[in-house]
Structure formats: structure tokens, C-alpha cells
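Since we're looking at a predicted model, the values are computed, not measured.
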Amino acid sequence: MLRVSMVVSLAVLSDALRAPLIAGNWKCNPASVDDAVALATALHAAAPEREVVVFPPSPYLEPVAHAAQGAVALGAQDACELSDAGAFTGATSFPMLESLGGVTYVLAGHSERRSLFGDDDAAVKDKVRKTLDAGFAPMVCIGETREEYELGITDDVCAVQLCKALTGVTAAELERVVVAYEPVWAIGTGLTCPPKVAQKVHERIRGRLATMYSREAADGCRVLYGGSVTPATIDALMAMADVDGALVGGASLDAAAFAKIAGFTERTGWWRTKRLLKKLRR
């Protein structure tokens, strides 16, 4: 009984350490800096007292930071892993992001970067490394295509992408890493991975992290869900034990909708403890 009590206490502690995180990826939106400032201003007024981060296009980073006034954290959608300066037309370097001030996160491995811009696993790994070295927190995106989902190889795809992205990342550095599971077939399609399916994938991702590092390190790493998240779906997703937040696309461009998502109904750690007790009884 003492052992069970100690394990349950650790589970509740891990839940507390994994504070929810809601992230908004604006992608190549909105159309003007005025629209970006208006959106950031609206978020400043509506954002709940919970960790929220937005990823605007690079030209909007500084004006969005001023308009948001610290109500939300700021992230960059991409940064150049090849060099800090030089003949790299169109690239944004990590020193450039550092010079802005206020940037906390950098996305790495988003499915659109992988499919449209050719970011392969090696590039994602280098971005993660450069992000950590520059003092930012990488948000590492992994996930399967519709074909891979239908073939039943979701876990294999996620495991390969995760292991390659985190090559060389230490357990201490993992504390700064956020993982985002984004089933590619659910991005921008209106389809949402059923919460229980998302939970199974997240649980296996955490299991993979435990194998790579330790159970303690895995329990401290936040794993977000991304894929057509809306105010109507967020509560069910966040009720899952291993879903620690959301990476939101289209809905993050609507301040009212995004505020509702960020203001999801939070549940305490009892359901994680309940799940753990079921495992211990098996």
C-alpha cells in the first residue's frame, strides 16, 4: 500500500509539473501587420491566466509582442539551421530571433515544413539542436499521414520522427522540449482525431520518451495535440491523461475562439491517478 501511495503521489506531482500549454500557429496569416496587431490586441484582452503562445509570421513578431503586452508568449514558426548568417536567401537566423527579444519557442518539424519545404528528419534534428543552443524552447512536431494512419503504423512513424528529432538531446535539455502530435490527416481538414485515439498515441509517445530517457523525464515532458482543434473539441481532448495542451491552427486566427480554447475546462489530476491504479491492479 505504501508503494502504491508513493507512485500515486508521483503521478499527481507529474500532472502538476505538466502545466497546460495552448499554442496558436498563425501560419501564413493574417494578410497585414494591422490585422496581426488587432489579433494580438484582442488576445491581450481575452487570454486566460494560463500559458498561451502564438506563432505569427516572422515579419509580425515584434509588433505582435508589443500589442500582446506579455499576455501571451511568442514563438517563431521556423529558423535557419544551416548557419547564423550568410548567403541563405529568405532565411531567418537564430541570432535574428534573439535580437528581437520576447521569443520563447521555435517550431521544428511541422508537417507543412516537412511536406512543402523539404524539412527532413535531419533538418528537424538540426533545428532542435540550434533552438536549444540559442536558448529557446523547441516545439517538436511529429505525426502520420492519412495513408500511414490507415496502414496502422502511426506509432512507428511517431517513434522514428521523435527519436531522430531528439538525437543528442540530453535529459536535462528535454525539460525545455515540447512535443506536438499532429496527425497530418486532421490538419486543416475539419477532421479531429478521436480523444481516446489521441490519448493512446500520446501515451505511446510518452512511453517512447521513457525508453529514451527515463520515466521521470517522460512524465515531465508536455505532449500537445494538434489537428483541427476547436472550442467544441478542446474539453474532450484535454480530459485525456496524456494530452497536455493543443497546437491550434485556423481557430487561433479568431481571438474569441482561441480564447475559448485556451480557457478550456481544466480537470484535476484524479483521472491520471485512476488510470495508474488500474494499471497497478493488472
Side-chain angles (χ1 to χ4, degrees), residues 21 23-28 51-65 72-143 157-182 184 187 205 208-209 212-213 217-218 220-224 226 244-245 247 249 252:
L21 172 60
N25 179 15
W26 293 4
K27 306 187 179 185
C28 193
E51 188 176 2
V52 177
V53 56
V54 295
F55 293 86
S58 292
Y60 301 157
L61 281 169
E62 192 163 26
V64 165
V72 297
L74 209 59
Q77 294 181 18
D78 186 54
C80 181
E81 78 282 4
L82 300 175
S83 178
D84 287 342
F88 300 92
T89 301
T92 300
S93 72
F94 284 93
M96 290 176 187
L97 295 179
E98 290 180 73
S99 71
L100 289 175
V103 175
T104 304
Y105 291 92
V106 177
L107 282 177
H110 191 280
S111 61
E112 290 155 6
R113 294 294 313 178
R114 292 178 187 265
S115 63
L116 300 177
F117 296 94
D119 285 1
D120 58 15
D121 290 331
V124 174
K125 173 183 72 70
D126 291 343
K127 287 179 191 288
V128 171
R129 180 73 268 155
K130 291 275 286 187
T131 299
L132 289 166
D133 290 346
F136 301 114
M139 187 172 290
V140 183
C141 301
I142 60 175
V157 171
C158 289
V160 169
Q161 291 179 347
L162 186 68
C163 291
K164 289 187 174 182
L166 298 183
T167 300
V169 174
T170 67
E173 290 173 326
L174 186 67
E175 295 178 4
R176 294 160 51 201
V177 174
V178 175
V179 176
Y181 166 59
E182 45 162 19
V184 179
I187 298 174
I205 290 170
R208 175 63 59 176
L209 289 171
M212 295 168 63
Y213 296 97
C221 182
R222 290 183 289 187
V223 183
L224 314 186
D244 302 316
L247 177 57
S252 68

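- Among all heavy-atom pairs drawn from C141 and L247, the shortest one is SG-CD2, 3.9 Å.
- Here T167 contributes atom OG1 and L162 contributes atom CG; the two are 9.5 Å apart, rounded to the nearest 0.5 Å.
- At a threshold of 4.5 Å between non-hydrogen side-chain atoms, the residues Q77 and S58 do not count as touching.
- Interatomic distance, F55 CZ to M139 CE, rounded to the nearest 0.5 Å: 4.0 Å.
- Residues F136 and R176 form no side-chain contact, since every pair of their non-hydrogen atoms from C-beta on lies 4.5 Å or further apart.
- The nearest pair of heavy atoms linking V184 to S111 is CG2-CB, 3.7 Å.
- The 12-atom threshold is exceeded at NZ of K27, counting heavy atoms of other residues, nucleotides or ligands nearer than 6.0 Å.
- Expressed to the nearest 0.5 Å, how far CD of Q161 lies from CD1 of I142 amounts to 6.5 Å.
- Pairing each heavy atom of F94 with each of A79, the nearest pair is CZ-CB, 3.4 Å.
- At least one side-chain heavy atom of L166 sits less than 4.5 Å from a side-chain heavy atom of M212.
- Taking all atoms of both residues into account, the shortest heavy-atom contact from L132 to P138 is CD2-CD, 3.6 Å.
- Between E182 and H110, the side chains place a donor N or O and an acceptor N or O closer than 3.5 Å (distance only, hydrogens not considered).
- The CG atom of L61 lies 6.0 Å from the CG atom of L100; values are rounded to the nearest 0.5 Å.
- For the atom pair CZ (R113) and CG (D119), the distance works out to 4.5 Å, reported to the nearest 0.5 Å.
- Just one of T104, L97, V64 meets the side chain to side chain contact (heavy atoms under 4.5 Å, CB included) condition when paired with L74; it is V64.
- Between S93 and S83, the shortest heavy-atom distance links the atoms CB-O, 4.2 Å.
- Residue M96 holds its CE atom at 9.5 Å from CG of D84, rounded to the nearest 0.5 Å.
- Between D133 and R129, at least one side-chain nitrogen of the basic residue sits less than 4.0 Å from a carboxylate oxygen of the acidic one, meeting the salt-bridge criterion.
- With respect to E175 and R222, no salt bridge is recorded, no charged nitrogen being found less than 4.0 Å from a carboxylate O.
- Looking at L21 and L224, their side chains come closer than 4.5 Å, going by heavy atoms from C-beta outward.
- In this structure, the side chains of E51 and V72 stay at 4.5 Å or more apart for every pair of heavy atoms.
- Counting only heavy atoms from C-beta outward, the side chains of I187 and E112 approach each other to under 4.5 Å.
- Within 6.0 Å of the CZ atom in R208, the count of heavy atoms belonging to other residues, nucleotides or ligands does not exceed 12.
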Exercise for the section: Using the side chain to side chain contact (heavy atoms under 4.5 Å, CB included) rule, take V54 and S252 through it: C-alpha gap first, then chi angles, then the decisive distance, then the call. Expected result: CA-CA 8 Å; V54 295; S252 68; 6.0 Å; no
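- The shortest heavy-atom contact between V140 and A165 is CG1-CB, 3.7 Å.
- Two residues are said to be in side-chain contact when any heavy atoms from C-beta on lie closer than 4.5 Å; D78 and K127 meet this criterion.
- Taking the side chain as every heavy atom from C-beta outward, Y105 and T131 never approach each other to under 4.5 Å.
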